[in-house]
Visitor: 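Sharing a structure here in structure tokens format.
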Amino acid sequence: SSLKDNFLFGKHDIDRRTVDTPPKEPTLKRARVEKGKGKERTAKAEPVQFSLYDKNTTCFVYGLQIRAVQGMLDFDCSCRRDTPSVAGIINPFSSNHNLRLYFGHKEISVPVYKSMADAVKTHPDVTVLISFASLRSAFTSTLETLNYSDNIKVIAIIAEGIPENLTKKLNKLAKDKDVSIIGPATVGGVKPGCFKIGNTGGMLDNILNSKLYRPGSVAYVSRSGGMSNELNNIISINTDGVYEGVAIGGDRYPGTTFMDHIRRYNANPDVKMIVVLGEVGGVEEYEIVSAIKSGEMTKEVIAWCIGTCGDYFSTEVQFGHAGSNANSASETASAKNKALNDIGAHVPESFDDLGKTIRKVYTELVETGQITPVPDVPPPQVPIDFKWAQELGLVRKQTSFISGICDERGEELLYAGVPMSDVIKENLGVGGSPLPMKPNLILN
């Protein structure tokens with residue numbers, strides 16, 4: 001599979017030890033000219049790693065996020081993975097034990113480790129860590145993870161609010177150790193049919209509606225995690241679906257940038273077009289402009305920067321993300337949209353027209369034979385938990401026993417027909433009870 005090719009991810013060298021197929025001819029970066037000792041020399045072009053994870057990728061989840069882990073296992077089942085993507089959970093606040101979760105209709109045991117060392121020793125083939133550590137512990141826990149850079153090659157940091165000086169230290173150390181960081185302040189990313197990070201894509205019904213259980217032809221990169229879920233929906237409606245999507249995070253200094261991922265997509269023959277959702281603040285979108293201008297980008301790019309409403313305020317506006325604040329005219333969303341449009345990217349009139357623009361470009365690529373639409377296949381039936389099914393009204397269950405005293409039906413427990421909140425509020429006693437309460441609740 002081309003997803004297992006052992007290339008370089010820009011400066012992030014991802015060592016895939018599970019490669020079992022010969023690599024394709026790599027797509028080369030534009031050779032760069034370097035100066036040294038009074039003469040110029042042409043540096044050797046480096047191949048681009050275009051896969052962070054594949055259908056065999058496994059991960060650790062840092063933090064006892066049972067719901068997120070179960071969501072990942074349900075996604076695995078919808079993608080027809082043979083094995084779960086979660087190898088283990090790391091929770092420093094407990095001893096080593098096991099959790100019972102579901103992989104399809106089967107109940108499985110997921111190990112919980114107290115330390116990173118125990119987890120890596122037991123599962124040396126794991127290459128991804130998804131960190132749900134709080135903003136107070138995310139820095140130290142990520143530093144610990146970087147000690148295992150021979151194993152862990154991708155780290156997704158979900159927490160937001162990490163001090164910027166600490167984030168920059170993490171980014172520098174990660175690059176030195178050839179580790180790719182997604183985030184901080186991100187929901188993560190998804191590779192349909194292969195792997196998803198944490199809560200990316202939302203609930204299972206949204207994953208199925210957005211066709212994330214199988215790959216399409218369109219790759220995207222976004223700042224916002226919430227808006228990446230919106231992109232999943234827009235792309236699935238207007239094209240044959242998402243091939244891969246990443247939310248780099250809303251902080252000022254993300255671990256990997258727009259261009260890190262765009263270069264991966266541009267080098268991947270299975271990606272036919274690229275969608276970029278930027279925002280007000282920062283200048284990373286101008287790197288895309290430069291890449292298109294230099295000819296480095298060979299695929300169609302559809303781009304939009306959100307936050308154009310900031311032009312209507314008389315003062316600077318700080319939007320939700322830490323990095324979404326224009327410190328100069330060039331950092332406004334309108335300025336970046338204009339620059340992208342002038343250089344040849346497909347830029348809609350507004351976000352409302354993004355879907356139409358994506359559909360227009362996709363249709364043109366299909367008509368010219370550059371895209372062969374991926375055939376749609378129904379996903380396998382993924383079981384849902386009984387409690388969720390009961391809330392949706394899909395199942396019903398007879399009561400296990402009937403009591404004339406206690407009634408557990410409805411929103412609140414009843415005792416002799418009286419809500420328990422009233423029993424406590426009115427300090428009602430229970431008839432015949434030795435408890436020192438007022439014996440005025442008479443049982444029939």
Visitor: Is it true that a side-chain atom of Arg359 and a backbone atom of Asn238 form a donor plus acceptor pair closer than 3.5 Å?
Guide: no

Visitor: Minimum heavy-atom separation for Pro375 to Arg214, with atom names?
Guide: O-NE, 4.2 Å

Visitor: How close do Ile182 and Val246 get, heavy atom to heavy atom, and via which atoms?
Guide: CG2-CG1, 4.1 Å

Visitor: Distance from Leu365 atom CG to Thr372 atom OG1, nearest 0.5 Å?
Guide: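 Here the interatomic distance stands at 11.0 Å.
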
Visitor: Given Ile262, which partner from the list Val276, Val271, Ile292 fulfils the side-chain contact (heavy atoms from CB on, under 4.5 Å) test?
Guide: Val276

Visitor: Where do Met273 and Ile358 come nearest, in terms of heavy atoms and distance?
Guide: CE-O, 3.8 Å

Visitor: Would you indicate whether the side-chain heavy atoms of Thr167 and Pro184 approach each other to under 4.5 Å?
Guide: yes

Visitor: Can you tell me how far CZ of Phe351 sits from OG1 of Thr357, rounded to the nearest 0.5 angstrom?
Guide: 11.0 Å

Visitor: Just to verify, which of Thr127, Ile89, Asn151, Ile90 counts as forming a side-chain contact (heavy atoms from CB on, under 4.5 Å) with Phe60?
Guide: Ile90

Visitor: Kindly indicate whether the side chain of Leu340, heavy atoms from C-beta on, has any atom under 4.5 Å from the side chain of Ile288.
Guide: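 SC-SC contact between Leu340 and Ile288 confirmed.
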
Visitor: Give, for atom OG of Ser222 and atom CG of Leu277, the distance between the pair rounded to the nearest 0.5 Å.
Guide: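 With rounding to 0.5 Å, OG (Ser222) is 4.5 Å from CG (Leu277).
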
Visitor: Thinking salt bridges, do Glu160 and Arg252 make one under a 4.0 Å N-O criterion?
Guide: no

Visitor: Test side-chain contact (heavy atoms from CB on, under 4.5 Å) on Cys305 and Lys336 and set out the steps.
Guide: CA-CA 7 Å; Cys305 297; Lys336 291 190 280 190; 3.8 Å; yes

Visitor: When you compare the side chain of Pro373 with that of Val366, does any pair of heavy atoms fall below 4.5 Å?
Guide: yes

Visitor: About how many Å separate CG of Asn171 and NZ of Lys175, when rounded to the nearest 0.5 Å?
Guide: 6.5 Å

Visitor: Would you check if the side chain of Lys55 reaches a backbone N or O of Cys79 as a donor-acceptor pair within less than 3.5 Å?
Guide: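 Indeed, once roles are kept as given, a pair shorter than 3.5 Å links the two residues.
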
Visitor: If you define the side chain from C-beta out and look only at heavy atoms, does anything of Leu394 sit under 4.5 Å from Ile384?
Guide: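 The answer is yes; the side chains approach within 4.5 Å.
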
Visitor: Would you say the side-chain atoms of Asn266 pair up with the backbone N or O of Thr298, donor to acceptor, closer than 3.5 Å?
Guide: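 Yes; judged by distance alone, with no hydrogens or angles, the pair exists.
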
Visitor: With a 6.0 Å cut-off on the ring centroids, do His123 and Tyr113 count as close?
Guide: yes

Visitor: With a 3.5 Å distance limit and no angle check, can you tell me whether Lys168 reaches the backbone of Tyr253 through a side-chain donor-acceptor pair?
Guide: no

Visitor: More than 12 non-hydrogen atoms from neighbouring residues, nucleotides or ligands closer than 6.0 Å to NZ on Lys299, yes or no?
Guide: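 Yes, enclosed.
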
Visitor: Tell me, yes or no, whether the heavy-atom count around Glu391 atom CD, taken from other residues, nucleotides or ligands under 6.0 Å, exceeds 12.
Guide: yes

Visitor: Okay, side chain of Asp251, backbone of Ala185: is any donor-acceptor separation there less than 3.5 Å?
Guide: no

Visitor: When you measure from the side chain of Ser131 to the backbone N and O of Ala156, does any donor-acceptor pair fall under 3.5 Å?
Guide: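 No: the side chain of Ser131 does not pair with the backbone of Ala156.
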
Visitor: Looking only at non-hydrogen atoms, find the nearest pair between Phe132 and Gly198 and report the distance.
Guide: CZ-CA, 4.0 Å

Visitor: Between Lys272 (side chain) and Glu300 (backbone), is there a donor-acceptor pair under 3.5 Å?
Guide: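 The answer is no, because no donor-acceptor pair under 3.5 Å joins these two groups.
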
Visitor: Between Asp260 and Thr257, is there a donor-acceptor pair closer than 3.5 Å when you use the side chain of the first and the backbone of the second?
Guide: yes

Visitor: Using the side-chain contact (heavy atoms from CB on, under 4.5 Å) rule, take Leu143 and Lys169 through it: C-alpha gap first, then chi angles, then the decisive distance, then the call.
Guide: CA-CA 10 Å; Leu143 279 182; Lys169 290 179 181 179; over 6 Å; no

Visitor: Once rounded to the nearest 0.5 Å, what's the spacing between atom OH of Tyr286 and atom CD1 of Ile343?
Guide: 12.0 Å

Visitor: Quick one: do Lys121 and Asp118 make a salt bridge, cutoff under 4.0 Å?
Guide: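 Answer for the salt bridge query: no.
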
Visitor: Would Asp176 and Lys172 pass as an ion pair if we require N to O under 4.0 Å?
Guide: yes

Visitor: Is it the case that the side chain of Asn337 and the backbone of Trp304 share a donor-acceptor pair, with hydrogens and angles ignored and the cut-off at 3.5 Å?
Guide: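 No, because the side chain of Asn337 does not come within donor-acceptor range (under 3.5 Å) of the backbone of Trp304.
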
Visitor: Salt bridge check: are Glu284 and Arg223 linked by an N-O gap of less than 4.0 Å?
Guide: yes

Visitor: Could you check whether atom CD of Glu364 has more than 12 heavy atoms from other residues, nucleotides or ligands sitting under 6.0 Å from it?
Guide: yes

Visitor: Say whether Ser217 and Asp240, considering side chains only, have a donor N or O and an acceptor N or O under 3.5 Å apart.
Guide: yes

Visitor: Do Arg264 and Glu244 meet the salt-bridge criterion of a basic N to acidic O distance under 4.0 Å?
Guide: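 Salt bridge between Glu244 and Arg264, a charged N being under 4.0 Å from a carboxylate O: yes.
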
Visitor: Would a 4.5 Å heavy-atom cut-off, applied to side chains only, mark Pro92 and Tyr62 as touching?
Guide: yes

Visitor: Taking all heavy atoms of Thr200 and all of Asn229, pick out the closest pair and write down the distance.
Guide: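 Minimum heavy-atom contact is C-OD1, 4.1 Å.
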
Visitor: With rounding to the nearest 0.5 Å, note down the distance linking SG in Cys59 to CE in Met72.
Guide: 3.5 Å

Visitor: Glu296 and Arg263: salt bridge (charged side-chain N to carboxylate O under 4.0 Å, His left out), yes or no, with the steps?
Guide: CA-CA 9 Å; Glu296 179 182 357; Arg263 286 192 179 99; 2.6 Å; yes

Visitor: Any side-chain heavy atom of Ile248 sitting closer than 4.5 Å to one from His261?
Guide: yes

Visitor: Is there side-chain contact between Leu354 and Ile302, with heavy atoms separated by less than 4.5 Å?
Guide: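 When only atoms from C-beta onward are counted, Ile302 and Leu354 do touch, with a gap below 4.5 Å.
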
Visitor: Taking the side chain as every heavy atom from C-beta outward, state whether Tyr362 and Gln370 have any pair of such atoms under 4.5 Å apart.
Guide: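 SC-SC contact between Tyr362 and Gln370 ruled out.
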
Visitor: Can you tell me if Thr142 and Thr145 form a side-chain donor-acceptor pair at under 3.5 Å?
Guide: no

Visitor: Which ring pair (Phe, Tyr, Trp, His ring centres under 6.0 Å) pairs, counting each pair once, include a residue from residues 185-239, with sequence neighbours left out?
Guide: Tyr53-Phe195

Visitor: If you apply the rule side-chain contact (heavy atoms from CB on, under 4.5 Å), what do you find for Thr58 with Val128, and how did you get there?
Guide: CA-CA 7 Å; Thr58 53; Val128 178; over 6 Å; no

Visitor: In plain terms, say whether Lys211 and Asp376 are close enough for a salt bridge, that is, a side-chain N and a carboxylate O under 4.0 Å apart.
Guide: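 Judged by the 4.0 Å cut-off on N to carboxylate O distance, Lys211 and Asp376 do form a salt bridge.
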
Visitor: Would Val283 and Glu331 count as a side-chain contact (heavy atoms from CB on, under 4.5 Å) here? Give the steps.
Guide: CA-CA 6 Å; Val283 293; Glu331 293 189 22; 4.0 Å; yes

Visitor: What's the shortest heavy-atom distance between Ile152 and Val179, and which atoms?
Guide: O-CG2, 3.5 Å

Visitor: Could you tell me whether a side-chain N or O of Asp54 sits under 3.5 Å from a main-chain N or O of Thr57, the two making a donor and an acceptor?
Guide: yes

